[in-house]
Amino acid sequence: MAGTHDPAPGPTPRLTHAFFERPVLEVAPDLLGALVSHRGVTIRLTEVEAYDGRNDPGSHAYRGLTPRTGVMFGPPGGLYVYLSYGMHWCANLVCGSEGTASAVLMRAGEVVGGIEVARERRGGVVDRDLARGPARLGQALGLSREQNGLDVTAPDGPFEVLAAPYPAPAPVRSGPRVGVSGAGGDGLQYPWRFWLDGDPTVSAYRGAKPRRARGQR
DNA sequence: TTGACGATTAGCT
DNA sequence: GCTAATCGTCAAC
């Protein structure tokens, strides 16, 4: 296939505790182009979303500390994995100082390593769709509840996050988040989604779901 | 204990 | 474009 993005010429360093300890709005755009690697698959991030714990109605941590959100309140560099809609595993990287409960959702990326493993996990979809969308990305990486709470800055940890091997080839853009109730519906706007402009693996924008009440009709 | 909902995706009209 | 699938989490009773 056309190699629009050649692999890094050499190894890149694993991102550190200090990297993730900064404010989430600084960390999120810096994660674009970074490489995440787990169980034989490496993905270059092309789209992320920031969530600001307590101040953010769209965040799982908005209502405070619960058994599920405990990882978000922990130290930066933690991996917060949650189940969406009862069937999809999605992953966040905890940011900011401990207790802030802010995190960056990894929304989409391009598989740059272990593509055959990713194809097997994703069931033969076209390569562009291997990690286009948060749940697809999680599936391509082979994530599940077991990875919740991992420290991605641990030198020998199973989940790696490596610095971008080269400057982003496309400009970083930002805009409203996807599918978050409250981000638009009630007038609140958070331009906290970041992506690489024009990248084919970036998911299509959709506003918050206007679902009508179920069990009614 | 119960009921409602969700940071989604796939499939059908 | 619209809806079902599917189950963990959380708030309320």
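Lettering of chains follows the sequences in order, A, B, ..., and the numbering in each one begins at 1.
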Using atom P in both nucleotides, what's the gap between C:dG1 and B:dA7 to the nearest angstrom?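 Rounded to whole Å, the distance is 22 Å.
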Roughly how many Å apart are C:dT6 and B:dT2, using the P atom of each and rounding to a whole number?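 Per the computed distance, 22 Å lies between those P atoms.
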Could you tell me whether the side chain of A:Arg44 and the main chain of A:Val111 form a donor-acceptor pair under 3.5 Å?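 Here the side-chain-to-backbone pair does not exist.
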Rounded distance (Å) that lies between atom C1' of B:dA7 and atom OH of A:Tyr80: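 About 9 Å, once rounded to whole Å.
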Listed by chain and number, what are the side chain to side chain donor-acceptor pair (under 3.5 Å) partners of A:Thr201, not counting sequence neighbours?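 Residues passing side chain to side chain donor-acceptor pair (under 3.5 Å) with A:Thr201: A:Thr46, A:Asp199.
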Any residue meeting side chain to side chain donor-acceptor pair (under 3.5 Å) with A:Ser97, in chain and number order, not counting sequence neighbours: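 For A:Ser97 the side chain to side chain donor-acceptor pair (under 3.5 Å) partners, ignoring immediate neighbours, are A:Thr100.
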Could you please name the option among B:dT9, B:dA7, C:dT6 that lies closest to any side-chain atom of A:Ala135?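 Of the options given, the side chain of A:Ala135 lies nearest B:dT9.
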Base, sugar-phosphate alone, or nothing: which one does A:Leu105 contact when heavy atoms must sit under 4.0 Å apart?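 Base, at least one base atom sits under 4.0 Å.
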Could you identify which residues of residues 60-73 of chain A place a heavy atom less than 4.0 Å from some atom of DNA chain B, listed by residue number, or say none?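 Result for residues 60-73 of chain A: A:His60, A:Met72, sorted by number.
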Looking at B:dT8, I'd like to know if its phosphate oxygens (OP1 or OP2) sit under 4.0 Å from a side-chain N or O belonging to A:Arg107.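 For A:Arg107, the contact criterion (side-chain N or O under 4.0 Å from OP1 or OP2 of B:dT8) is met.
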Range-with-range stems for DNA chain B, at least three Watson-Crick or G-U pairs under 3.5 Å: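 Stems (3+ consecutive pairs) listed as B:1-6 with C:7-12, B:8-12 with C:1-5.
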Can you list every pair that meets ring pair (Phe, Tyr, Trp, His ring centres under 6.0 Å) and has a residue in residues 140-165 of chain A, with sequence neighbours left out?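 Output for this query lists A:His38-A:Phe159.
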A:Arg22 NZ/CZ over A:Phe20 ring centroid, <6.0 Å and within 45° of normal: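 No, a cation-pi geometry is absent between A:Arg22 and A:Phe20.
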Pairing residues for A:Ala154 by the side chain to side chain contact (heavy atoms under 4.5 Å, CB included) criterion, not counting sequence neighbours: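 Here the qualifying residues are A:Asp151.
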